[in-house]
Amino acid sequence: MSVGAAGDAPGLRFQPDEPAPAKLAMGLGIQLAALNIAGIILVPLVVMRAANVPDAYLSWAVLASVAVSGATTILQACRVRRFGAGHVLVMGGSGAFMPVCIMALAESGPALLATLVVISALVPLLLSWRLSLFQRILTPPVSGTVIMLIPVTVSPYVSGLLEGASAGAPAAAGVPLSFFATVLLIATIALRGTGTLRLWAPVIGVIGGTALAGYHGLYDLERVAGATWVAPPDPRVPGFDLRFGPAFWTLLPSFLLVAVIAAVRTLSSAVAIQRVSWRRKSRAVDFQAVQGAVAADGVGNLVAGVFGTVPGTATTASISLTELTGVAARGVGIVAGATFIALAFLPKAFAAVLAIPDPVFAGYLAVVLAMLFTIGMRIVVQGGVDYRNGIVVGIAFLTGTSFQYGLVFPDLVSSFAGGLLANGMNAGGLTAILLTLFLRLTAPRRARIEAHFSVSGLPAIREFITAFGAKVDLDRTVVDRLEAAAEEALLALGLPDDSANGRDARRLLLTAWREKGDVTLEFVAAPMGENLQDRLALMGGEAGEAAFENEVSLRLLRHLTSSVRHRQYYDTDIVTVRVGTAVTARRPS
């Protein structure tokens with residue numbers, strides 16, 4: 001389709017599959033790295049500083065985190081087999097992992113952290129393998145509640161940073177002043193700044209707070225002066241803690257829950273980057289690319305665990321920069337990742353960051369926690385807050401807060417399962433999951449049928465739809481429309497004849513339910529190749545006159561349904577069609 005066609009993005013200069021000029025790719029890649037390097041450094045730095053690890057290991061953990069982020073950013077851009085999104089998707093430290101990583105380090109040190117991170121890295125790998133199944137389980141109330149409970153769990157570490165700084169501060173007034181200056185600068189720029197300035201809010205806040213702390217003698221200049229300019233990192237790989245003691249079992253559920261949340265964030269970023277990376281805005285989401293993004297997330301976290309540093313997730317900075325510049329070429333992501341790796345060999349630059357005082361880190365962490373809470377609320381609201389979801393979120397959040405601070409049966413909670421529920425994220429997340437499962441198990445059952453994905457399976461499908469229509473009291477005209485829509489959807493997908501109905505024949509799962517005045521049919525089968533949703537969209541534009549093999553079925557399907565959604569995964573095709581229950585047939589568009 002031409003760039004100027006209806007529904008296109010005229011400002012997009014280079015799609016992911018179009019190479020950009022080398023100078024342009026390098027300039028934008030370095031700019032993207034500069035916008036993200038502060039966040040990538042600060043997350044592991046805050047974690048290690050809050051846990052009071054030795055300086056040598058702190059330096060290694062930060063350098064390793066930057067290098068791993070660079071490598072996974074390159075993997076995301078390149079898309080090697082099933083790993084990577086094939087888009088410019090910057091990977092960085094995850095704020096959601098901060099509290100659990102601090103607790104792991106405080107409990108038993110880097111070896112326990114490495115063990116838990118490696119195990120939690122299996123979560124995104126598993127999600128990417130069967131993403132079509134897990135998307136039904138990861139509901140917004142569950143994800144949002146866990147994120148809102150992160151500040152509840154990690155807030156004590158903010159006060160710990162401030163108390164530790166006050167104990168050895170040469171000027172006591174410098175500690176609260178630098179803390180509040182950092183918070184106020186970041187908050188002011190984030191609230192009133194626009195465009196690129198907002199992206200730099202954390203960096204400006206940290207620099208301003210550090211300058212004020214330095215004025216009061218809280219900045220360690222000797223560390224910066226003693227560092228060399230260029231040198232390879234000094235590896236401090238911690239190994240693994242395989243004793244699997246009480247601390248491991250207490251923290252494991254929290255790591256797994258946060259790993260799910262981080263994977264969902266990567267999933268959301270992989271969908272969002274596709275919206276701004278292609279000229280045709282009606283292009284269906286490539287869920288195979290989403291699977292690749294989540295798989296690359298798992299690989300990066302696995303390597304981060306081996307190196308003993310904080311795992312990461314996809315950031316959103318590349319999305320806004322792509323939309324701003326109109327350049328989505330993969331070369332930009334490759335250059336950004338290479339820049340991160342190169343920065344790992346500059347010790348003096350890192351020493352300048354490592355010398356930032358604890359009150360400044362405490363201020364940055366306070367703002368991050370506040371933002372995480374609002375992100376959790378936004379996820380819950382976007383998923384829809386009816387009274388059932390409201391009860392789930394309310395009870396889960398109250399449970400997590402009460403158990404975290406010992407407000408309800410503290411002796412019983414601390415002794416149950418080795419103190420597993422004394423962690424607010426564990427208690428609240430488990431409560432949200434159990435309540436959600438209860439709602440699903442007690443909800444009205446949807447009608448479903450399994451059939452052969454071939455012409456011979458059509459009679460059984462027609463009988464199923466007729467029976468379903470009688471059960472939910474549908475007009476015969478609507479039932480006929482449902483039968484026609486089901487048949488045209490299957491034919492548009494390339495329904496094989498009976499000769500394919502042998503040992504390797506594919507099975508079809510059809511589910512039907514009535515909701516809000518419409519009837520929804522969901523077809524689950526093996527992958528079909530070309531995306532049906534894209535083909536329907538193309539028929540509405542200049543490419544509508546092109547000859548498709550099943551063009552008649554596509555046009556009939558568009559006339560019979562109110563919406564069609566096609567999600568293609570590596571292992572599954574899911575086609576969802578909605579048909580109105582009004583007796584009068586919808587006029588063709």
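What's counted below: heavy atoms across the whole structure, side chains too, no hydrogens, waters or symmetry copies.
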_Walk me through whether Gln288 and Arg567 qualify under side chain to side chain contact (heavy atoms under 4.5 Å, CB included)._
CA-CA 9 Å; Gln288 292 183 356; Arg567 289 168 287 168; over 6 Å; no
_Run Asp480 and Arg462 through salt bridge (charged side-chain N to carboxylate O under 4.0 Å, His left out) and show every step you take._
CA-CA 9 Å; Asp480 291 339; Arg462 295 192 191 99; over 6 Å; no
_Evaluate Val47 against Val53 for side chain to side chain contact (heavy atoms under 4.5 Å, CB included), listing each step before the verdict._
CA-CA 9 Å; Val47 169; Val53 301; over 6 Å; no
*Can you list the steps and then say if Arg476 with Glu483 is a salt bridge (charged side-chain N to carboxylate O under 4.0 Å, His left out)?*
CA-CA 11 Å; Arg476 183 64 219 182; Glu483 292 180 358; 3.5 Å; yes
_Let's go through Leu510 and Glu522 carefully: what are the C-alpha distance in whole Å and the side-chain angles of both, what is the deciding distance for side chain to side chain contact (heavy atoms under 4.5 Å, CB included) to 0.1 Å, and is it a yes or a no?_
CA-CA 6 Å; Leu510 171 59; Glu522 184 179 79; 5.8 Å; no
*Dump the intermediate steps for side-chain hydrogen bond (donor to acceptor under 3.5 Å, both in side chains) on Thr576 and Arg565, then the final yes or no.*
CA-CA 5 Å; Thr576 306; Arg565 186 185 182 196; over 6 Å; no
*When you look at Leu474 and Val519, which way does the side chain to side chain contact (heavy atoms under 4.5 Å, CB included) test go after all the steps?*
CA-CA 9 Å; Leu474 293 177; Val519 174; 3.8 Å; yes
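Within the model, atoms CG of Leu302 and CG of Leu125 stand 7.0 Å from one another, a figure rounded to the nearest 0.5 Å. Atom-to-atom distance recorded for Asn389:CG and Thr436:OG1 is 7.5 Å, nearest 0.5 angstrom. Here the CD1-CG distance, from Ile461 to Leu508, works out to 5.0 Å after rounding to the nearest 0.5 Å. Of the inter-residue distances, the one linking Leu482 atom CG with Leu521 atom CG reads 5.5 Å to the nearest 0.5 angstrom. Taken from CG in Leu113 to CE in Met48, the straight-line distance is 5.5 Å, to the nearest 0.5 Å. Between the OG1 atom in Thr145 and the CD1 atom in Ile433 there is a gap of 10.0 Å [rounded to 0.5 Å].
Using a 4.5 Å heavy-atom threshold, the side chains of Thr73 and Gln76 count as separate. Side-chain atoms of His87 and Trp278, non-hydrogen and from C-beta on, do get closer than 4.5 Å to each other. Taking the side chain as every heavy atom from C-beta outward, Val380 and Met148 approach each other to under 4.5 Å. When side chains are defined from C-beta on, Phe403 does not count as touching Val152, because their heavy atoms never get closer than 4.5 Å. Considering only heavy atoms from C-beta on, Trp129 stays 4.5 Å or farther from Gln291 through its side chain. For the pair Leu45/Tyr364, no side-chain contact is recorded, criterion being any heavy-atom separation below 4.5 Å from C-beta on. Looking at Ile395 and Thr431, their side chains come closer than 4.5 Å, going by heavy atoms from C-beta outward. Within the 4.5 Å cutoff, the side chain of Leu252 has heavy atoms near those of the Leu116 side chain.
For Ala296 against Leu75, the heavy-atom pair with the smallest separation is CB-CD2, 3.8 Å. Taking both residues in full, the closest heavy atoms of Ile102 and Ala50 are given as CD1-CB, 3.8 Å, listed atom of the first, atom of the second, then distance. Taking every heavy atom of both residues into account, Ala293 and Ala270 meet most closely at CB-CB, 3.6 Å.
At most 12 non-hydrogen atoms from other residues, nucleotides or ligands lie less than 6.0 angstrom from CZ of Phe438. Other residues, nucleotides and ligands contribute over 12 non-hydrogen atoms within 6.0 Å of the CZ atom of Phe468.
Note on ring orientation: taking the six-membered ring where Trp is involved, the planes of Phe244 and Trp249 are tilted (angle from 30° to 60°). Using cut-offs of 30° and 60° on the angle between ring planes, the pair Phe97 and Phe255 is tilted.
By the salt bridge (charged side-chain N to carboxylate O under 4.0 Å, His left out) test, Arg514 is found to be paired with no residue, residues two or more places apart in sequence or in another chain being considered. Residues meeting the salt bridge (charged side-chain N to carboxylate O under 4.0 Å, His left out) test with Arg243, sequence neighbours left out: Asp241.
One N or O on the side chain of Thr266 and one on the backbone of Ala314 form a donor-acceptor pair closer than 3.5 Å. Not one N or O on the side chain of Ser108 forms a donor-acceptor pair closer than 3.5 Å with the backbone of Ala104. When atom types are taken as modelled, the side chain of Ser402 and the backbone of Leu398 share a donor-acceptor pair closer than 3.5 angstrom. Using a distance-only test at 3.5 Å, with no hydrogens or angles considered, a donor-acceptor pair links the side chain of Asn301 to the main chain of Gly312.
Considering Ser65, Pro311, Cys101, Ser69 in turn, Ser65 is the only one that fulfils the side chain to side chain contact (heavy atoms under 4.5 Å, CB included) rule with Pro44.
With respect to the salt-bridge test (charged N to carboxylate O, under 4.0 angstrom), the residues Arg481 and Glu488 do not qualify.
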